[in-house]
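Here's the structure, in structure tokens; my notes come after.
Remember, it's 1-based here, ligands and their atoms both numbered in the order they're listed. Computed from a prediction, not measured in an experiment: that's the story for all the values here.
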Amino acid sequence: MTVNIAVLVSGRGSNLQAIIDNVENGRIKGAKINVVISSKAEAYALDRARKHGIQAVFLDPKRYEKPEYDQAILNILESYKTDLVLLAGYFRILGSEIIAAYRNRILNIHPSLLPAFKGLHAQRQALEYGVKLAGCTVHFVDDGLDSGPIILQKGVPVLSGDCEETLAERILVQEHLIYPEAVRLFVEGKLKVQDRKVIILD
Ligand code: GRF
């Protein structure tokens, strides 16, 4: 059986690209990315989707009240019989109805070692705090901000002389490895959520 994937984006879509590549090269087997939904018209992620023959939809937040916007997303997810929702640089908070409808079936990538540095500008927060180890986290999405059960994490060193851009770049390399890996584990049925812990049955 194929796992139907939908990806929500707002920007450049490099994580989306990493997942597309892993589906195309067969590392992620038994999955299909059916649709990419963007909250920004100019998101490069939309071009990436089209280049790979994936339906690309721009949903303009200005045209909806928040509950209607989330309902519109939900309608698209349902119309593609979506099994798994991936947030990949999606700049909005997901509505609680979507989270409830897709409990333990929504993944997000965050550029910090959660639970440190939730929310915006995680790399800047890490630099300002002075940590020596930064990194990224793939987690299930729950009702809180970047608070759901953690699936995979990868640390990267903070080097003297780092600025936000250099640190973000070093973290991004790892994001492109652990996000597709987490998707593979999900698709292969190897993730089991127990309270707030994720057991990996690999
Ligand atoms: C990544 O740093 C990701 O961790 C965060 O937003 C950024 C998205 O980058 N959630 P991209 O659009 O995947 O290139």
Quick check: does [X] get an N/O under 3.5 Å from an N/O on ligand 1?
| X | result |
| --- | --- |
| L172 | no |
| N15 | yes |
| N108 | no |

Nearest protein heavy-atom contact for [atom]: which residue, which atom, what distance?
| atom | value |
| --- | --- |
| atom 11 (P) of ligand 1 | S14 N, 3.4 Å |
| atom 10 (N) of ligand 1 | I109 O, 3.0 Å |
| atom 9 (O) of ligand 1 | R12 NH2, 3.2 Å |
| atom 1 (C) of ligand 1 | E175 OE1, 3.1 Å |

Practice item. Establish whether I37 and I106 are linked, either directly or via other cluster members, by ILVMFWY side-chain heavy-atom contacts under 4.5 Å. Key: yes
Under a 4.0 Å N-O cut-off, is there an ion pair linking [X] with [Y]?
| X | Y | answer |
| --- | --- | --- |
| R184 | E188 | yes |
| K66 | D70 | yes |
| D162 | R170 | yes |

Point to revise | Short side-chain to backbone donor-acceptor contact, Y69 and L59, under 3.5 Å | key: yes
Exercise for review: Quick one: pull up CG in D83 and OG1 in T2 and give me the separation to the nearest 0.5 Å.
Suggested key: 9.0 Å
**Study point:** Best match, G89, G11, G13: closest heavy atom to atom 12 (O) of ligand 1
**Key:**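 That would be G13.
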